[in-house]
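Below is one structure; the comments refer to it alone.
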Number of protein chains: 2
Amino acid sequence: MQYLKIKDAIFEQIESGQLGQKLPSERKLAESFNTTRITLREALSLLESEGKLFREDRRGWFISPQPLIYDPTNTTEFPAMAMAQGRNPRSELLSAELVKPNKQIAQLLQTTTEDELYRIKRLRFLDNRPVVVVTNYILPSFFPNLLETDFTHSLSIIYREQFNRIYSKTRYRVSTTSLTGSTATALRATAGSPAMFVERLNYDQYNNLIDCDLEYWRHDAICIQSLATLKNA
Amino acid sequence: MQYLKIKDAIFEQIESGQLGQKLPSERKLAESFNTTRITLREALSLLESEGKLFREDRRGWFISPQPLIYDPTNTTEFPAMAMAQGRNPRSELLSAELVKPNKQIAQLLQTTTEDELYRIKRLRFLDNRPVVVVTNYILPSFFPNLLETDFTHSLSIIYREQFNRIYSKTRYRVSTTSLTGSTATALRATAGSPAMFVERLNYDQYNNLIDCDLEYWRHDAICIQSLATLKNA
DNA sequence: GAGTGGTCTAGACCACTTT
DNA sequence: AAGTGGTCTAGACCACTCG
């Protein structure tokens with residue numbers, strides 16, 4: 001159980017601020033604990049699972065900043081939410097296209113794999129660290145010619161100001177998964193890094209299902225929080 | 001990237017039902033893919049992160065059953081919730097004591113580390129698989145002599161029927177972490193297994209903070225889901 | 001008692017990032 | 001050009017589970 005001791009030792013060094021934002025190389029750390037890289041990586045991976053460290057692919061290990069508090073029942077756009085918590089947000093548009101959805105998405109939006117949907121992919125940063133890939137699938141019937149708009153604004157603002165649609169109800173799901181493929185790459189993560197997956201189905205003020213969100217978060221970058229009035233029997 | 005191919009191959013075998021509920025031994029699997037145990041375990045760990053497989057410590061690898069849909073805004077007790085989804089629930093009381101809380105808990109419940117609290121630990125099973133360790137910290141002022149009650153019933157029923165307190169509001173947080181120590185052992189998990197952590201602060205019908213829940217779930221056993229009316233600016 | 005998973009050693013090569 | 005992380009090999013021992 002050597003790796004547990006190493007884990008605790010590294011954690012103490014993190015807490016006491018002896019390590020910078022970036023950890024020393026695996027070889028140096030392994031040597032300093034008198035062990036092999038495999039065992040050292042076991043310890044680092046544990047700290048990664050616990051959300052105390054994160055990796056950037058081939059760049060090394062870093063200490064995780066405070067997570068963003070994320071309330072799925074709040075429509076506040078990402079930039080406003082981040083700034084309210086003293087963070088510096090930034091977004092990059094990855095793509096905006098009209099596509100035929102796969103079966104899973106078609107089912108979510110109660111349409112077919114033959115009916116095209118708008119798909120908007122974004123990469124969002126916190127303090128210059130990429131933390132989430134967000135994919136929106138949007139029903140075109142409610143938003144004609146959406147692709148001609150300027151996506152520097154958030155979707156909820158575009159919906160409200162250009163189409164008079166206001167998010168009013170959401171059905172969200174949260175589960176854990178791991179990052180793969182282009183999502184992992186965009187987040188500078190190694191394939192297999194732990195992730196938090198948030199799926200949202202959004203309804204407008206007339207109770208029409210208008211779009212869905214698929215969000216893949218670096219799992220240490222987010223803490224879901226909400227206040228709820230309980231439904232009693 | 002051999003382990004990615006192995007991962008996909010194992011996943012296909014899972015989907016097509018070629019594997020039983022329990023996987024063959026690591027040595028056999030490694031041999032069948034012409035690789036070493038280390039690489040094979042890399043592939044299995046990925047599937048574990050994705051929630052498709054889980055491990056029981058020294059017992060082997062198993063295919064994950066469907067996750068339980070868990071709505072944090074619903075007070076339905078665990079047994080009722082599980083049965084409504086066609087699952088077979090069971091609970092074990094691990095301990096029920098009066099203890100001094102640590103700093104974190106004291107802060108959560110707005111008390112001090114000197115004031116004792118009831119602490120109730122439970123292990124919950126789904127279809128005979130241990131899936132979550134739940135720890136409740138309860139403010140004794142609202143529930144005199146709580147420890148003398150029979151804990152075969154759920155807490156919310158005891159609160160309602162013996163103390164006239166009804167859960168009416170909750171502040172919940174969801175994050176990911178990993179299992180360690182006695183929590184891991186209770187869940188038959190290896191230290192470091194990925195986990196979903198749910199923290200709840202519960203209020204009664206008079207808006208008094210009455211208790212908190214700390215829940216460590218095997219991450220593949222749960223999918224958080226809720227419906228929310230959005231708070232618009 | 002046989003076999004298993006958990007842990008660890010001591011290397012190696014490559015592609016990539018960084019200096 | 002040097003160093004790094006990602007990946008992989010080919011073993012080993014132990015404590016534990018299971019038949």
Side-chain angles (χ1 to χ4, degrees), chain A residues 1-10 19-49 53-63 128-130 178-181 184-194, chain B residues 1-10 19-49 53-63 128-130 178-181 184-194:
Chain A
M1 309 300 252
Q2 179 177 349
Y3 73 88
L4 288 180
K5 285 178 197 156
I6 296 176
K7 186 202 84 170
D8 291 337
I10 295 176
L19 301 170
Q21 202 224 322
K22 182 177 191 306
L23 264 56
S25 79
E26 294 181 357
R27 286 172 176 83
K28 278 179 193 157
L29 281 172
E31 195 185 3
S32 82
F33 288 109
N34 244 306
T35 184
T36 58
R37 271 179 73 206
I38 296 259
T39 301
L40 188 263
R41 279 168 67 90
E42 194 94 9
L44 293 173
S45 298
L46 246 180
L47 290 164
E48 182 186 38
S49 298
L53 291 181
F54 69 97
R55 269 192 276 188
E56 295 205 346
D57 195 67
R58 284 162 209 286
R59 258 168 277 248
W61 296 84
F62 302 83
I63 296 179
N128 270 326
R129 175 192 174 203
S178 71
L179 300 170
T180 55
T185 309
L187 292 171
R188 290 187 211 143
T190 311
S193 300
Chain B
M1 312 298 250
Q2 181 180 347
Y3 72 89
L4 288 180
K5 284 179 198 156
I6 296 176
K7 186 201 85 167
D8 292 336
I10 295 176
L19 301 169
Q21 202 225 321
K22 182 177 191 304
L23 265 57
S25 80
E26 293 181 357
R27 285 172 177 83
K28 278 180 192 155
L29 281 172
E31 194 185 1
S32 83
F33 288 109
N34 244 308
T35 184
T36 59
R37 270 180 72 207
I38 297 260
T39 301
L40 188 264
R41 280 168 66 90
E42 194 94 10
L44 293 174
S45 298
L46 246 181
L47 290 164
E48 181 187 38
S49 297
L53 291 181
F54 70 96
R55 267 192 278 188
E56 294 205 347
D57 195 66
R58 285 163 208 285
R59 258 169 278 249
W61 296 84
F62 303 83
I63 296 179
N128 269 326
R129 174 190 175 206
S178 70
L179 299 171
T180 55
T185 309
L187 292 170
R188 289 188 211 143
T190 311
S193 300

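Just so it is clear, the model here is predicted, and its values are computed rather than measured. Throughout, a chain's letter reflects where its sequence line sits, starting with A, and its residues are numbered from 1.
- Among the candidates B:Arg55, B:Arg58, B:Arg41, the single residue satisfying the salt bridge (charged side-chain N to carboxylate O under 4.0 Å, His left out) test with B:Glu26 is B:Arg41.
- Between B:Gln2 atom CD and C:dC13 atom C1' there is a gap of 14 Å when expressed in whole angstrom units.
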Output the pairing pattern of DNA chain D as a dot-bracket string, 5' first, Watson-Crick or G-U wobble with both distances under 3.5 Å, | for cross-strand pairs, [ ] for crossing pairs. ||||||||||||||||||.
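- Shown here is B:Lys22, whose NZ atom has more than 12 heavy atoms of other residues, nucleotides or ligands within 6.0 Å.
- Heavy-atom minimum distance, B:Ser193 versus B:Glu48: OG-OE2, 4.1 Å.
- The shortest side-chain heavy-atom distance between A:Ile6 and A:Leu29 does not fall under the 4.5 Å cut-off.
- The distance from atom CZ of B:Arg188 to atom C1' of D:dC16 is 15 Å, rounded to the nearest whole Å.
- The separation between A:Leu46 atom CG and C:dG6 atom P is 13 Å, rounded to whole Å.
- Between B:Phe33 atom CZ and D:dC8 atom C1' there is a gap of 17 Å when expressed in whole angstrom units.
- Computed from coordinates, the A:Phe54 CZ to D:dG5 P distance equals 14 Å when rounded to whole Å.
- Using a 4.0 Å cut-off on heavy atoms, the residues of residues 34-45 of chain A that approach DNA chain D are A:Arg37, A:Ile38, A:Arg41, listed by number.
- Counting to the nearest Å, the P atom of C:dG6 and the CG atom of B:Leu29 are 13 Å from each other.
- The structure places CG of A:Leu46 at 10.5 Å from CG of A:Leu53, a figure rounded to the nearest 0.5 Å.
- B:Phe62 is not listed as a side-chain neighbour of B:Arg129, based on a closest heavy-atom distance of 4.5 Å or more.
- Under 3.5 Å, the side chains of A:Thr39 and A:Gln2 contain no donor-acceptor pair of N or O atoms.
- Side-chain contact between B:Leu4 and A:Thr180 is absent, with no heavy atoms from C-beta onward closer than 4.5 Å.
- Whole-Å rounding puts the B:Lys7 NZ to D:dG6 C1' distance at 16 Å.
- Put simply, the side chain of A:Ser49 does not reach to within 4.5 Å of the side chain of B:Leu179, judged on heavy atoms.
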So which protein nitrogen or oxygen atoms get under 3.5 Å of nucleotides 2-4 of chain C's nitrogens or oxygens?
from, atom 1, to, atom 2, distance (Å)
C:dT4, OP1, B:Ser25, OG, 3.4

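- Annotation: side chain of B:Ile10 is in contact with side chain of B:Phe33 (closest heavy-atom distance under 4.5 Å).
- The side chain of A:Tyr3 places no N or O atom within less than 4.0 Å of a non-bridging phosphate oxygen (OP1 or OP2) of C:dC8.
- The interatomic distance linking A:Arg55 (CZ) with D:dG6 (C1') rounds to 9 Å, in whole Å.
- Of all heavy-atom pairs spanning A:Pro24 and A:Leu19, the tightest one is CD-CD2, 4.0 Å.
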